[in-house]
Amino acid sequence: MYRTHTCGELRLSDSGKKITLAGWVQKTRDFGGMTFVDLRDRYGITQLVFNMETNPDLCRQARSLGREYVVKATGTVAERSNKNPNLPTGDIEILTEILELLNPAELPPFTIEEHSDGGDEIRMKYRYLDLRRPPLQRNLALRHRMAQEIRKYLDTKGFLEIETPVMIKSTPEGARDFVVPSRMNPGQFYALPQSPQMFKQLLMVSGYDRYMQIVKCFRDEDLRADRQPEFTQIDCEMAFVEQDDVLNLFEGLAKHLFHETLGYEFNEPFIRMPFDEAMNSYGSDKPDLRFGMKIIPLKSGKSQQEIIRPTTGFPVFDEAEYIGTLLAEKCAGYTRKQVDELTEFVRKPQIGAKGLVYVRYQEDGTIKSSVDKFFDATALQTWAEVAGAKPGDLLLILAGNSAPTLKALGELRLEMGRRLNLLDKNRFVPLWAIDFPLLEWDDETQRFYAMHHPFTAPKPSDIPLLDTNPGQVHANAYDLVINGVEIGGGSIRIHDSKLQAKMFEILGFTQEQAEYRFGFLMNAFRYGAPPHGGIAFGFDRWVSLFAGLNSIRDTIAFPKNNMGRDVMQDSPAEIDEEQLKELNIRVDHKNPGA
RNA sequence: GGUCGUGUAGUUCAGUUUGGUUAGAAUGCCGGCCUGUCACGCCGGAGGUCGCGGGUUCGAGUCCCGUCGCGACCGCCA
């Protein structure tokens, strides 16, 4: 028997028990006359004690242990004379009688403790060592807990977990596919699913009216801190439901998860915010509602609003399609340097604003701005009033074309939120973003693309617009957003094969193309498809949000870096000529000799 | 495809702005001492292809060119 207990469970009440522990040596503290060894497993740390007087041989053996040696120790639980209040097992120690070395260890390249001294790069290379650290173990345990609670909750709601294939047919829309060659079908390829979208809709046709799956999905696109080439979705679909049914049920799931894993309660229903409002007030379709600071329009063609009048000789404003401002409360005291930093921030190519106009509503009631040359005090006063500014506040104004300016204001709003410390990691403000546009126009290819995916149902009242003004059609689509993070999204689907055919037509598919790619789905819809809809959540993101992480990498046991490489395995890698031959594949390197 | 940051001891970093003696610190590691530590302490020691290649120079960690790795972001991600 290797152990009778774990390293995290023994307490004062176990005193006198003869026990055996097994684990890794975290640290030895050698005092000459006596030696302490911290023994670690994933449950905790227990101190072993060795005394030169009682057993010199054993004590010398303990001294020789190195970090991360795997050992087994048998002894008696005893109360410590010096207790350690920082350790759950700190009231006791093990008077060790037998010490068995199960396996020595090479010196690890970084310290394996709560806070390692190693950087990201080396910890990724030795991921199996990093995973020994408590923070990683907590993250993976949280992930496990959440997966269990998701299955538990959805099971009580009658969902069946059904697996769908991983090798499927490539679809042209959306992200790039990862592709798998077929040896038995030379020249032909499977694709890995970007999501089980069509399969879950087919399951609805097949009568499995509540489906769920925690499933890997694959997208061959450039990566970010919150994007991996393979990631996990909580994929769900329901038949005979309307949008409200879906939102209500999965709001229940979200509340269940918050309650069970964080003990966090919501007493109010989640806010439901139309896409247009999110864009106009927050410059984002995933607003962070942990703080206010809404965007206030000062000039907007759409709303006929024109607080800022022309005739000023200030072309930046005169020529702007849109002018908007943020009210930064109590920031009138910002120094020149701070304002310059903000200007620099909005001028970064990623943000793309040309410049930043500020208006200080000073404590003494006077107003100062960077455009005093062009506007008199009365004009500035009007802006301040519209923005609801009080003495001591600062207005930050951007101008330009509507969409990019709103987006830039949204980024500036988040930057101010960070600077003013308004982003509390322990507070969660969810919302449902609803009423998304069905289609997005792409200038480059001169065609519409589905904003969600091509199976999303238009709002029934907007269907006539499909012929006259497709860009104006709204969809029965929705996103769950928490703290500015898109946690999940879904839609009510088209279940009518004629309407689906029309969608493909609007998206520029010929009938043949649609038939080739989606024929099986359209066929299925002819045999009695129920009205249905669903949602999919980014499981990795949800875990990282709950764990308070900025990256999803540490919610995944073996993640890839931002080039899609596994630096531990060193994958992807070349394969043997023999393998290629079998697959009828010839590699045409862009850079010969690579 | 683009922007920005970064690469120096096992590890985390300083040194690079302004080229100049033997490249430092902390931590880890090794040896010695130490009977109540738990960030143990004290004494001693080892440890460097300054990412790689080229160039400028009497002289390059430092300047220039190229290249590679890592990270963040924009584009992209239905």
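The sequence lines fix the lettering, A, B, ..., with proteins before strands; numbering per chain opens at 1.
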Between P of B/rC73 and CG of A/Leu223, the distance in whole Å: 11 Å
Determine which nucleotide pairs with B/rG24, using a 3.5 Å limit on both distances of a Watson-Crick or G-U wobble pair. B/rC13
Residues in side-chain hydrogen bond (donor to acceptor under 3.5 Å, both in side chains) with A/Asp496, at least two apart? none
Considering only atom C1', compute the distance from B/rC64 to B/rC70 and round it to an integer number of Å. 24 Å
Contact check, residues 497-506 of chain A vs RNA chain B, heavy-atom distance under 4.0 Å, returns none
Applying side-chain hydrogen bond (donor to acceptor under 3.5 Å, both in side chains), can you list everything that pairs with A/Ser195, at least two apart in sequence or on another chain? none
Could you work out the separation of B/rU18 and B/rG61 based on their C1' atoms and round it to a whole Å? 15 Å
A/Arg67: which residues meet the side-chain hydrogen bond (donor to acceptor under 3.5 Å, both in side chains) condition with it, sequence neighbours left out? none
Ignoring backbone atoms, establish whether A/Arg63 has a side-chain N or O less than 4.0 Å from OP1 or OP2 of B/rC30. no
What orientation do A/Phe436 and A/Phe275 show, parallel under 30°, tilted 30 to 60°, or perpendicular over 60°? tilted
Between A/Tyr211 and A/Asp235: side-chain donor-acceptor atoms closer than 3.5 Å: yes
Using a 4.0 Å heavy-atom cut-off to protein, can you give one letter per nucleotide of nucleotides 37-45 of chain B, 5' to 3': B if the base is in contact, S if only the sugar-phosphate is, - if neither? BBSB-----
Looking at every strand, decide which applies to A/Ser195 at a 4.0 Å heavy-atom threshold: base, sugar-phosphate, or nothing. base
Pair assignment for B/rU3, Watson-Crick or G-U wobble, requiring both distances under 3.5 Å: B/rA72
Measure the shortest side-chain to side-chain distance between A/Ile19 and A/Asp14 over non-hydrogen atoms and say whether it is less than 4.5 angstrom. no
If you look at every strand shown and take non-hydrogen atoms under 4.0 Å, does A/Pro109 touch a base, only sugar-phosphate, or nothing? sugar-phosphate
Relative to the 5' end of RNA chain B, which residue comes earlier, A/Asn562 or A/Gln350, by the nucleotide with the nearest heavy atom? A/Asn562
Rounded interatomic separation in angstrom, taking CE from A/Met451 and C1' from B/rC76: 15 Å
Separation of A/Met52 atom CE from B/rC34 atom P, in whole Å? 9 Å
Spacing of the P atoms in B/rU21 and B/rG66 (rounded, Å): 29 Å
List for me each residue that meets side-chain hydrogen bond (donor to acceptor under 3.5 Å, both in side chains) alongside A/Trp432, sequence neighbours excluded, and say none if there are none. A/Glu251
With rounding to whole Å, what would you report as the distance between B/rC68 and B/rC58 at their C1' atoms? 32 Å
Check for a donor-acceptor pair, side chain of A/Glu221 on one end and backbone N or O of A/Arg176 on the other, with a separation under 3.5 Å. yes
Taking atom C1' in both B/rA39 and B/rC50, what distance in whole Å separates the two? 30 Å
For RNA chain B, which residues of residues 111-134 of chain A approach it to below 4.0 angstrom with any heavy atom? A/Asp117, A/Gly118, A/Gly119, A/Glu121, A/Ile122
Pairing partner of B/rG44 (Watson-Crick or G-U wobble, both distances under 3.5 Å): B/rC30
Between C1' of B/rC77 and OH of A/Tyr449, the distance in whole Å: 14 Å
If you check every side-chain atom of A/Leu107, which of B/rC70, B/rC29, B/rC76 has the closest atom? B/rC29
Does A/Lys407 make a side-chain N or O approach to OP1 or OP2 of B/rG75 shorter than 4.0 Å? yes
Whole-Å distance between B/rG71 P and A/Arg565 CZ? 11 Å
Dump every N/O contact between nucleotides 5-9 of chain B and the protein below 3.5 Å, one line per pair.
none

Indicate yes or no: does A/Arg418 engage A/Glu415 in a salt bridge with an N to O separation below 4.0 Å. yes
Starting at CZ of A/Phe178 and ending at P of B/rC77, how long is that distance when rounded to a whole Å? 15 Å
Hey, does the Lys NZ or Arg CZ of A/Arg132 hover above the aromatic six-ring of A/Tyr128, less than 6.0 Å from the centre and inside 45° of the axis? no
Partners passing ring pair (Phe, Tyr, Trp, His ring centres under 6.0 Å) against A/Phe36 (at least two apart in sequence or in another chain): A/Phe31
So, are A/Asp38 and A/Arg29 salt-bridged, with charged N and O less than 4.0 Å apart? yes
Are OP1 or OP2 of B/rC70 and a side-chain N or O of A/Asn561 less than 4.0 angstrom apart? yes
For B/rU62 and B/rG15, measure between their P atoms and round to the nearest Å. 15 Å
Just to be sure I understand the rule, does A/Val567 reach a base, reach only the sugar-phosphate, or reach nothing, if contact means heavy atoms closer than 4.0 Å? sugar-phosphate
Rounded distance in Å - CZ (A/Arg224) to C1' (B/rG2): 11 Å
With sequence neighbours excluded, tell me which residues meet side chain to side chain contact (heavy atoms under 4.5 Å, CB included) with A/Gln243. A/Leu247, A/Ile434, A/Lys459, A/Asn476, A/Tyr478, A/Ile492
Just distance, no hydrogens or angles: give the donor-acceptor pairs under 3.5 Å from side chains in residues 479-487 of chain A, sequence neighbours left out.
residue	atom	partner	partner atom	Å
A/Asn483	OD1	A/Val429	N	2.8
A/Asn483	ND2	A/Arg427	O	2.8

Could you tell me whether A/Asp540 and A/Arg227 make a salt bridge, using a distance below 4.0 angstrom between a side-chain N and a carboxylate O? no
Given the C1' atoms of B/rU27 and B/rG41, what is the spacing between them in whole Å? 16 Å
When rounded to the nearest Å, what value does the distance between P atoms of B/rU67 and B/rA26 take? 39 Å
base_contact_polar (B/rC76 base, A/Arg227 side chain, donor-acceptor, <3.5 Å): yes
Calculate, to the nearest 0.5 Å, the distance between atoms OH and CG belonging to A/Tyr282 and A/Leu414 respectively. 11.5 Å
Atom-to-atom span, CD of A/Gln228 to C1' of B/rG71 - whole angstrom: 14 Å
In Watson-Crick or G-U wobble terms, with both distances under 3.5 Å, the base opposite B/rG66 is B/rC52
For A/Phe455, ring pair (Phe, Tyr, Trp, His ring centres under 6.0 Å) partners two or more places apart: A/His453, A/Phe518
